[in-house]
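The block underneath contains the structure these notes are about, expressed in structure tokens.
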2 protein chains.
Amino acid sequence: MTQVDQTEAKPRLGRKRDHTRDPEIMDAALDVLSESGYDGMTIDMVATRAKAGKATVYRRWSSKAELVLDAVACMKSSEIDLDDLPDTGTLRGDLVAMIRTPSIRDGERKLKVMAGIVSMIARSPELAAAAQEALVEPRATVNRIFFQRAIDRGEIPADVDVEKLCIIGPALVAYSVLMLGRPVDRDFLVENIDQVILPAAGIRTER
Amino acid sequence: MTQVDQTEAKPRLGRKRDHTRDPEIMDAALDVLSESGYDGMTIDMVATRAKAGKATVYRRWSSKAELVLDAVACMKSSEIDLDDLPDTGTLRGDLVAMIRTPSIRDGERKLKVMAGIVSMIARSPELAAAAQEALVEPRATVNRIFFQRAIDRGEIPADVDVEKLCIIGPALVAYSVLMLGRPVDRDFLVENIDQVILPAAGIRTER
DNA sequence: CATATACGGAACTAACGAGTTCCGGATACC
DNA sequence: GGTATCCGGAACTCGTTAGTTCCGTATATG
């Protein structure tokens, strides 16, 4: 037996019966995906990182593509609890508060995952849909709520193009990180709000 | 030791073309790259599309990575002729005119090439630099000129963040195409100018 | 025409990764 | 304790692709 001595290596966590390794494997897949991209990712990497065997992965997913699809789709699960949303009374306050809420902006890995699959998106409608729903839509949803509130309280004109406003923030962030390779810090995000988003929403900012 | 030019006539070609296939091969590489992404692209695809042999490709570039690097860098060559730049007298006029200038906005393939190499950018600083210079900088350069003109003629405040303004347009386009999978038409670009860029530049647009 | 050179294309090697199979051992449940 | 499962991991098959080598040919030059 080339294995570790089993009488001593036993205190390992109690093995669970069903297919409970799924979350760890998907999480490992997302890690590898964000670091190496879709094509650079191998099932061996994923299995190793999840301290699992390649066979275990294939017992659950029939192919690499399905694993990735499933893993991406599961990123959505970090749902937004509507009660967690800040409500500061002003649009700027809400937007600024949002960038301090980690559960909402946990974007670092999401962005890298996105980068790892962009080239696939044009070729796989299924993956595109999953990415759309898991990575793009949540951000837009939160923004939509803020802008609708601002409209309701008369803070911004009712005829603004909300969909476009929702896109500005994510677009600037994605472009900076993925295309320009610049890190995104809080100052950058606040600048985006004050210099771009609010003016586009019709709010004049003092300069 | 180091070769200085000796008989210039001797090392001359034996066939009609010395290495004149280079442009076709690089162009084919960009086509394949934009269609299949970096990992999906094979040297055989490139050679076939360029009606060349794989050996011909490797006679000129020592690896796939170098070919891609070179091809991306050469996209810059579609230089902007400063005399071609519209000068309409207003910032909006200039920006709108630009989206009608194909030589400047020939962005379709560039964007797809970008999509094909994003996942590599984080791992290859050289490729990142080449992409930056060939795909990102030209757009920003043109924008910078327009904004500087607008500042000079007092159309917009002198203390606007020009760098940020330059980024808005490309960011919105890239995000729409790559992340949302939406086609970009002229209306979308004009909307971006009127609803986002000009307000951010401090120009109040009638709504 | 003779020669040198670059080309297209095909055949080849070597490496790598997806997906499969098998087995010893650990676990839960009775 | 006995047993039916599930897991980790190693060893395997098989297709694909980067990169190489070789050869027949086209062409410019003299």
Side-chain angles (χ1 to χ4, degrees), chain A residues 1-26 28-29 32-33 35-71 116 119-120 123-124 127, chain B residues 6-26 28-29 32-33 35-71 116 119-120 124 127:
Chain A
M1 52 186 68
T2 63
Q3 293 281 61
V4 239
D5 187 338
Q6 74 278 23
T7 53
E8 198 262 328
K10 165 220 71 66
R12 200 69 188 112
L13 286 183
R15 179 155 320 190
K16 298 153 184 176
R17 258 173 145 232
D18 256 327
H19 271 143
T20 7
R21 300 304 316 277
D22 287 10
E24 286 110 304
I25 293 175
M26 285 196 287
V32 177
L33 198 57
E35 290 165 13
S36 309
Y38 182 87
D39 296 277
M41 157 183 161
T42 73
I43 300 294
D44 268 320
M45 287 185 200
V46 175
T48 302
R49 169 132 6 176
K51 294 189 179 67
K54 204 156 67 153
T56 306
V57 176
Y58 279 104
R59 272 180 207 116
R60 173 65 178 77
W61 292 276
S62 67
S63 72
K64 174 178 170 178
E66 283 199 16
L67 168 60
V68 169
L69 191 64
D70 216 11
S119 69
M120 303 289 301
R123 268 160 283 146
S124 165
L127 186 56
Chain B
Q6 63 277 41
T7 36
E8 183 62 63
K10 225 292 279 325
R12 204 55 191 135
L13 52 144
R15 195 177 173 173
K16 174 173 76 176
R17 31 203 195 253
D18 38 340
H19 269 145
T20 13
R21 300 306 314 279
D22 287 12
E24 286 110 304
I25 293 174
M26 286 195 288
V32 177
L33 197 58
E35 290 166 12
S36 309
Y38 182 88
D39 296 278
M41 157 182 162
T42 73
I43 301 293
D44 268 321
M45 287 184 199
V46 175
T48 302
R49 167 128 11 172
K51 293 191 180 65
K54 204 158 62 153
T56 306
V57 176
Y58 278 104
R59 272 180 208 116
R60 171 68 177 76
W61 293 276
S62 66
S63 73
K64 174 178 170 180
E66 283 199 17
L67 168 61
V68 169
L69 190 64
D70 217 11
S119 68
M120 303 289 301
S124 165
L127 186 56

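Note that these values count all heavy atoms, side chains included, but never hydrogens, waters or copies made by symmetry. Protein chains get the first letters and strands the later ones, always in sequence-line order, with residue 1 at the start of each.
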Here the distance between atom C1' of D:dT17 and atom OH of B:Y38, to the nearest Å, is 12 Å

For B:G40 and B:M45 the tightest heavy-atom approach is O-CE, 3.2 Å

By nearest-heavy-atom nucleotide on DNA chain C, the more 5' of B:G53 and A:G40 is B:G53

In whole angstroms, the gap separating C1' of C:dA6 from CG of B:D22 amounts to 12 Å

*asked:* Treating A:R123 as the side-chain partner and A:S119 as the backbone partner, does any N or O pair qualify as donor plus acceptor under 3.5 Å?
replied: yes

Which of D:dC23, D:dA18, D:dG9 is nearest the side chain of B:R59? It is D:dC23

Taken to the nearest whole Å, CZ/B:R60 to P/D:dG19 is 15 Å

- Report yes or no: does B:K51 contribute a side-chain atom to a donor-acceptor pair with the main-chain N or O of B:E24 at less than 3.5 Å? no

Per nearest nucleotide of DNA chain C, the residue lying toward the 5' end, A:A55 or A:M41, is A:M41

Between the base of D:dG19 and the side chain of B:K54, is one N or O donor paired with an acceptor at under 3.5 angstrom?
yes

Practice prompt. Check whether the side chain of B:R21 and the base of C:dG8 form a donor-acceptor pair under 3.5 Å.
Written response: no

For B:K64 and B:D39, the nearest pair of non-hydrogen atoms, with its separation, is NZ-O, 3.9 Å

A:R49 atom CZ is separated from D:dG8 atom P, nearest whole Å, by 16 Å

In whole angstroms, the gap separating P of D:dT16 from CE of B:M45 amounts to 11 Å

Whole-Å distance, B:D39 CG to D:dA18 C1', equals 13 Å

- Task: Compare all side-chain heavy atoms of B:I25 with those of B:R60 and state whether any distance is below 4.5 angstrom.
- Result: no

For C:dC7, does OP1 or OP2 lie under 4.0 Å from any side-chain N or O of B:T56?
no

Assign each of B:I43 and A:I25 the nucleotide of DNA chain D bearing its closest heavy atom; nearer the 5' end lies the nucleotide of A:I25

Atom CG of B:D44 and atom P of D:dG19 are separated, to the nearest Å, by 12 Å

**Prompt:** If only side-chain N and O atoms of B:Y58 are considered, is one of them under 4.0 Å from the OP1 or OP2 phosphate oxygen of D:dT20?
**Reply:** no

Whole-Å distance, A:L67 CG to C:dA18 C1', equals 12 Å

